[in-house]
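Quick notes on the structure that follows.
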Amino acid sequence: MLSRRILLANTIVLAMAPGLAQAQAQISLADRRAIAAYRQEKWPAIEKAIHDAAGFDVSIEVEWDRLTIAGDANNYANDDYFGKTIFEPLTMALRDVTKDQMGRDALKQKLKRISISYDEATAPGSNYPDGLKFESGGLSINWQPFSNASDVKPRSDALIALLEKNL
C-alpha cells in the first residue's frame, strides 16, 4: 500500500514538473525591461563589432528570451554577463579567422548565420566546444551567460577550432 502511494506521489510530481519548469523559467517585467535596455544601449555596438570582425554583415540571431536568466535583471548590463561569456569570445574568434584574405574569403563563403541562445540542459559548464555547432552555414553558440567570465580565451579558442575545421 505504501509503495502505491509513493508511486502515485512520484507520478503526480513528474506530471507537474513541466509546469513547474515553465513557472521557474518565466522572466519578469524587470528582466524584460533590462534586456530591452541592453538591446538598445549595448547591442548595436556589439553587433557592429561582430560584423567588423567577420568582414561582412553576417546574420546574427540572438534568442534573447532563452539567453535571459530569470531574476538576473540587475546583471545584464555587466560586461561579464553576456560580453565576456559570449560576445567577446565570438568577436575575438572571428578576428583571428579573418586575419588574412584566405580566412576572410572562407568565412564569407561558408558562414551564413550565427545563432546564440542558452539551454540550461545542454550548455556546457566549461567544455566550451560542446556548446558549439556548425551546420549548413550556421554557427550555433549555446553557452551559459555569467559563467566563468574569465574564460574568454578558452571560449574563443573553441570557436576558432570549430570555424577552421568547417571553413
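For the pair Lys133/Asn142, no side-chain contact is recorded, criterion being any heavy-atom separation below 4.5 Å from C-beta on. Residues Ile35 and Phe82 have side chains in contact (heavy-atom distance under 4.5 Å, counting atoms from C-beta outward). Counting heavy atoms from C-beta on, the side chains of Thr85 and Gln144 never come closer than 4.5 Å. In this structure, the side chains of Glu120 and Ile69 stay at 4.5 Å or more apart for every pair of heavy atoms. For the pair Asp151/Trp143, no side-chain contact is recorded, criterion being any heavy-atom separation below 4.5 Å from C-beta on.
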> Please walk me through it: do Ser136 and Arg113 pass side chain to side chain contact (heavy atoms under 4.5 Å, CB included)?
Replying inline: CA-CA 9 Å; Ser136 303; Arg113 71 194 161 288; 4.3 Å; yes
>> If you apply the rule side chain to side chain contact (heavy atoms under 4.5 Å, CB included), what do you find for Ile86 with Leu67, and how did you get there?
In response: CA-CA 10 Å; Ile86 299 167; Leu67 203 59; 3.6 Å; yes
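Paired with Leu107 under the rule side chain to side chain contact (heavy atoms under 4.5 Å, CB included), one option of Leu94, Leu139, Val58 passes, and it is Leu94. With Glu61 as the partner, the side-chain hydrogen bond (donor to acceptor under 3.5 Å, both in side chains) test is satisfied by one option alone out of Ser117, Ser140, Ser115: Ser115.
By the criterion of side-chain heavy atoms lying less than 4.5 angstrom apart, applied directly or through intervening Ile, Leu, Val, Met, Phe, Trp or Tyr residues, Phe56 is grouped together with Phe134 in one hydrophobic cluster. In the hydrophobic cluster analysis, where Ile, Leu, Val, Met, Phe, Trp and Tyr join through side-chain heavy atoms closer than 4.5 angstrom, Trp43 is grouped together with Ile141. Taken together through direct or relayed side-chain contacts under 4.5 Å among Ile, Leu, Val, Met, Phe, Trp and Tyr, Val152 and Ile50 form parts of separate hydrophobic clusters. By the rule that hydrophobic residues join a cluster once side-chain heavy atoms approach within less than 4.5 Å of another member, Leu132 and Val62 end up as members of one cluster. A single hydrophobic cluster is not seen to contain both Met92 and Val97; linkage of ILVMFWY side chains at heavy-atom distances under 4.5 Å, directly or through other members, places them apart.
Checking side-chain atoms of Lys42 against main-chain N and O of Ala77 turns up a donor-acceptor pair under 3.5 Å. A donor-acceptor pair is defined here as one N or O able to donate and one able to accept, closer than 3.5 Å; no such pair exists between the side chain of Arg155 and the backbone of Tyr128. Thr98 places no side-chain N or O within donor-acceptor distance of the main-chain N or O of Ala54, the cut-off being under 3.5 Å. Between the side chain of Asp79 and the backbone N or O of Lys84 there is no donor-acceptor pair closer than 3.5 Å.
In this structure, the ring pair (Phe, Tyr, Trp, His ring centres under 6.0 Å) partners of Phe146, at least two apart in sequence or on a different chain, are Tyr81. With sequence neighbours left out, the side-chain hydrogen bond (donor to acceptor under 3.5 Å, both in side chains) criterion links Arg104 to Gln101.
Atom CG of Asp65 is separated from atom CD of Gln26 by 11.0 Å, given to the nearest 0.5 angstrom. With rounding to the nearest 0.5 angstrom, the CG atom of Asp80 is 9.5 Å from the CD atom of Glu88.
Across Ala34 and Ala73, no two heavy atoms sit closer than the pair CB-O, 3.5 Å. Listed here is the closest heavy atom pair of Pro89 and Gly83: CD-O, 3.6 Å. The two atoms that bring His51 and Ile60 nearest to each other are NE2-CD1, 3.7 Å, heavy atoms only.
The environment of CG in Asn74 is sparse: at most 12 heavy-atom neighbours from other residues, nucleotides or ligands sit within 6.0 Å. The 12-atom threshold is not exceeded at CZ of Arg33, counting heavy atoms of other residues, nucleotides or ligands nearer than 6.0 Å.
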Output side-chain donor-acceptor pairs under 3.5 Å for residues 156-167, partner residues at least two apart or in another chain, one line each.
{"residue": "Ser156", "atom": "OG", "partner": "Ala93", "partner atom": "N", "Å": "3.4"}
{"residue": "Asp157", "atom": "OD1", "partner": "Lys153", "partner atom": "NZ", "Å": "3.1"}
{"residue": "Asp157", "atom": "OD2", "partner": "Lys153", "partner atom": "NZ", "Å": "3.1"}
{"residue": "Asn166", "atom": "ND2", "partner": "Leu162", "partner atom": "O", "Å": "2.8"}

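Ring-plane geometry between Tyr38 and Phe87 is classed as parallel, the angle between the planes falling under 30 degrees on a 0 to 90 degree scale with a further cut at 60.
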